[in-house]
Protein chains: 2
Amino acid sequence: MARMRIQDIAAEAAVSPSTVSKFINGHYDAMSASTRSRIAEIIERTGYRPSSVARNLRLDRSRMIGVILADIRNPYSSAMLGELADRSAAAGYTLTCAISGNNPSKEAEAVMRLAEAGADGLIVNTCGGNDELLADTCDRAPVVLLDRDVPGASIDLVTSDNGCLVAALLQEVMRDGVDACWLLDEHNDASSVRRERTATFERGLRSACARGGCIALARNACAAAAQLTKMSCSSGGSPIGLIAINGLVFERLVEALAVAGIDVPGAARIATIDEYPWNRVLFGGVTTAAQDIAGLAAAALELLIERIERGRGPCGSRRRIEIPGNIIARRSTRTDSGPTTTTPQPLRAHR
Amino acid sequence: MARMRIQDIAAEAAVSPSTVSKFINGHYDAMSASTRSRIAEIIERTGYRPSSVARNLRLDRSRMIGVILADIRNPYSSAMLGELADRSAAAGYTLTCAISGNNPSKEAEAVMRLAEAGADGLIVNTCGGNDELLADTCDRAPVVLLDRDVPGASIDLVTSDNGCLVAALLQEVMRDGVDACWLLDEHNDASSVRRERTATFERGLRSACARGGCIALARNACAAAAQLTKMSCSSGGSPIGLIAINGLVFERLVEALAVAGIDVPGAARIATIDEYPWNRVLFGGVTTAAQDIAGLAAAALELLIERIERGRGPCGSRRRIEIPGNIIARRSTRTDSGPTTTTPQPLRAHR
DNA sequence: TTGTAAGCGTTATCAT
DNA sequence: ATGATAACGCTTACAA
């Protein structure tokens, strides 16, 4: 059978569509008990559910939130998506997701499509290059940026305290006889997150009077191994520090270390950002700066839903929320602890 | 400014809304060049984009596909989502995704919400328990099942050839002096995929006259380590075979092996299903049955879109597509090869 | 070549 | 307590 409409229910209950509509929306205040139970019975029996398309058109509201993620291969993104899905469902919102693959034009298309589709709000992990579009979209539907900032515009932002995270990681890596440290990143990443992480790193390096710097780790495992070997050789026997700027780079680092035959933590002290199951296992445990993904997701949704439900009122000023993360020190930076020791060490945000 | 409507464009171009509509939909056949260029200019200038909500209501078509995934923490799912997102965008469809978290009632809610929202079709990696609902949904919008079957109903299915994959993995693990092999799974998994994998495994084990069986690996690392130690001891010095039924179980296996101090491949030959970056690195390489995720995604979308675009015509009979995977043999099952050797070995589907 | 009008399924206002 | 009606923004016969 074709799909039921509110009219069909009304006809069957011998009432008008508006009465059924009132029932659906819980406006029981002026409705006889008998009508009410009759409608209830029919809806129950037929399994009727109102068309959200028609309802969205009428109400100009969709209870749908659009999420645009830069790179779903990065396990950070899928963890984030899982958290967002859980929490938005709990708040009564549907999630429509798009994946830009770090491609600005795909991102632009996604933003427009989601806006056209009547998203009540957008959560965007932008890959950059759409500053103007994002700013314009804001006065159609609220936008919250995730992790990555759009410098010029005044858009809400939820992010980790990347500066603190990297500074603490540097300190952990260099705690024991390391006098050269490199932050390994990707050459095609121009995001604000990368900038913040590299800037803090270089500042920390200078204030520790240590050698090292930021360098893009080659995609090719052999080339990357050569890079590492060179660093290792130049440090005259003492171990070097290596920090992967994200989970993707860390994957390459692990492979390159294997190819280069560099011992961890003997010849290299390594650390990474974002906590995944493998971090507990590789090299007897890899020191990690764990972003609070659940906290980030919760904050982003809270901000967004507040703006959505406050209605078309005055936008208020831009809000910027930094969620602190944790440093989890493990054997990859510690020769003195037992091989499987895990020591979470909360980091206070202070800036 | 408030959102533009087709009327506003029409007014500005001094034509009627229907003319603008024709323009938008590319019906240029009967339209003067001047009108056409005038409308084009205004749309370009104002950045007008038609409301897809209104259009969906009118056309009873959304160009939106709903995807319901059981467990986004499983990296298989995120890889799948990435593939689906790419391909559906290329085919001109939007993706709305829901994550059931292996919770049947959440899955049910997602199915209904997506149907109400006017999804043109659904791709469902079902967690089970919604057989009737899924069957009913089929005559509202086409459904394609991913991986996991719904026994009774006649719904299209796209899956890996799990039987072949497990059989080949068993053969690889047992190739050299292993006479006991266990398939490690999760205790709460009642999916058809697990059933197919375990059944084939047990058949293979019997025909090889080997000891072993299927066993749920404990969630707790210490308890899991104890399980492994017991297996290892009972095998009288010869190595045991261990196959993780999916990526999630494999994570636990790796941790448990570390805790138990069991050497790979010396004391245990291990293998897993689904290829992730770490598989190339851990233990000098882990033998893997790699599902063809891109192939699965492509097949699922192709099936679904064909049904969608064929319109409300006769459903045709159920289709079941099996996508072959590959066995990638690595050091975790081979003492004779070099430490980092990678040998992809395509597996022909034959059943 | 263009415009008029009806209708997609729902909800809100205002009568009754 | 209930119903008639208009409107949400768009498309599409059909009329002009």
Side-chain angles (χ1 to χ4, degrees), chain A residues 1-40 42-43 46-64 115-120 140-141 312, chain B residues 1-40 42-43 46-64 113 115-120 140 312:
Chain A
M1 74 213 158
R3 182 173 177 145
M4 282 268 179
R5 292 153 307 152
I6 200 170
Q7 286 201 39
D8 304 320
I9 305 297
E12 188 142 350
V15 293
S16 81
S18 31
T19 305
V20 178
S21 174
K22 281 169 199 152
F23 174 88
I24 292 169
N25 294 90
H27 301 143
Y28 305 133
D29 37 309
M31 190 180 310
S32 76
S34 78
T35 317
R36 180 172 164 179
S37 66
R38 200 153 22 101
I39 297 178
I42 295 172
I43 288 183
T46 58
Y48 165 78
R49 315 223 48 197
S51 150
S52 42
V53 178
R55 179 180 250 167
N56 293 348
L57 178 61
R58 176 62 230 229
L59 298 178
D60 193 27
R61 172 183 225 292
S62 59
R63 297 200 76 84
M64 185 267 277
E116 280 161 43
D120 285 343
R140 181 172 286 189
R312 302 251 180 271
Chain B
M1 73 217 159
R3 183 174 175 141
M4 283 267 181
R5 293 152 307 153
I6 200 171
Q7 286 201 37
D8 303 321
I9 305 296
E12 188 142 349
V15 293
S16 80
S18 52
T19 305
V20 178
S21 173
K22 280 169 200 153
F23 175 88
I24 291 170
N25 295 89
H27 301 144
Y28 306 131
D29 36 311
M31 191 180 310
S32 76
S34 78
T35 316
R36 181 172 163 180
S37 66
R38 200 154 20 104
I39 297 178
I42 295 173
I43 288 183
T46 58
Y48 166 78
R49 315 224 45 196
S51 150
S52 43
V53 178
R55 176 180 255 165
N56 292 348
L57 178 61
R58 177 62 231 238
L59 298 179
D60 193 26
R61 172 181 226 290
S62 60
R63 297 199 75 84
M64 184 268 278
R113 250 195 353 218
E116 280 160 42
D120 285 342
R140 181 172 287 189
R312 303 248 179 270

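The structure displayed is predicted, hence computed values, not measured ones. First the proteins, then the strands, lettered A, B, ... as listed; each starts at 1.
- Where Pro17(B) and Arg49(A) meet DNA chain C, the nucleotide closest to each residue was compared, and Pro17(B) sits on the side nearer the 5' end.
- Residue Ala14(B) is the one, among Ala14(B) and Arg5(A), whose nearest nucleotide of DNA chain C lies closer to the 5' end (criterion: closest heavy atom).
- Counting only distance, with no hydrogens or angles, the side chain of Arg38(A) and the backbone of Ala13(A) share a donor-acceptor pair below 3.5 Å.
- For the atom pair CZ (Arg63(A)) and CZ (Arg113(B)), the distance works out to 10.5 Å, reported to the nearest 0.5 Å.
- Checking the phosphate oxygens (OP1, OP2) of dT2(C), a side-chain nitrogen or oxygen of Thr35(B) falls inside 4.0 Å.
- Rounded to the nearest 0.5 angstrom, Ser37(B) OG and Ile42(B) CD1 are separated by 9.5 Å.
- For Val15(A), whose side chain is taken as the heavy atoms from C-beta onward, the closest listed nucleotide among dT12(D), dG3(D), dG9(C) is dG3(D).
- Rounded to whole Å, the distance from CZ on Arg58(A) to P on dC10(D) is 16 Å.
- Between the CZ atom of Phe23(B) and the C1' atom of dT1(C) there is a distance of 16 Å, given to the nearest Å.
- Comparing dT2(D), dT12(D), dT2(C) against the side chain of Met31(A) picks out dT2(D) as the nearest.
- Straight-line distance from the CD1 atom of Ile24(B) to the P atom of dT12(D): 11 Å, rounded to whole Å.
- Base engagement by Ser21(B) is indicated by at least one non-hydrogen atom pair under 4.0 Å involving a base atom.
- When distances run from any side-chain atom of Ser18(A) to the nucleotides dT10(C), dT5(D), dC8(D), the shortest one goes to dT5(D).
- Between Ile24(B) atom CD1 and Ile6(B) atom CD1 the span is 4.0 Å, to the nearest 0.5 Å.
- Across all strands shown, Asn25(A) has heavy atoms under 4.0 Å from sugar-phosphate atoms exclusively, and none from any base.
- Across the protein-nucleic acid pair, Ile43(A) atom CD1 and dT10(C) atom C1' stand 13 Å apart, rounded to whole Å.
- Take the nearest nucleotide of DNA chain D for Arg36(A) and for Thr19(B): the residue whose nucleotide is more 5' is Arg36(A).
- With hydrogens and angles ignored, the 3.5 Å screen pairs no side-chain donor or acceptor of Ser21(A) with any backbone N or O of Pro17(A).
- Heavy atoms of Leu57(A) sit under 4.0 angstrom from at least one base atom.
- Atom CZ of Arg3(A) and atom P of dG9(C) are 9 Å apart (whole Å).
- In terms of heavy atoms, Tyr28(A) sits closest to Phe23(A) at CE2-O, 3.6 Å.
- Distance, Asp60(B) CG to dG9(C) P: 7 Å, rounded to whole Å.
- In this structure, Arg3(B) contributes its side chain and Arg49(B) its backbone to a donor-acceptor pair below 3.5 Å.
- Using a 4.0 Å heavy-atom criterion, one finds that Tyr48(A) contacts the sugar-phosphate atoms exclusively.
- Dashed line: the shortest gap from a side-chain N or O of Ser32(B) to OP1 or OP2 of dT2(C) is under 4.0 Å.
- Atom CD1 in Ile9(A) sits roughly 17 Å away from atom P in dT2(D) (whole-Å rounding).
- Residue Ser16(A) places its side chain closer to dA4(D) than to any other of dC10(D), dA4(D), dA12(C).
- The overall bend of the helix from dT1(C)-dA16(D) to dT16(C)-dA1(D), read as the angle between its terminal helix axes built from five base pairs each, is 50° when rounded to 10 degrees.
- Between the Asn56(A) side chain and the Val53(A) main chain, no donor and acceptor come within less than 3.5 Å of each other.
- Atom CZ in Arg63(A) sits roughly 18 Å away from atom P in dT10(C) (whole-Å rounding).
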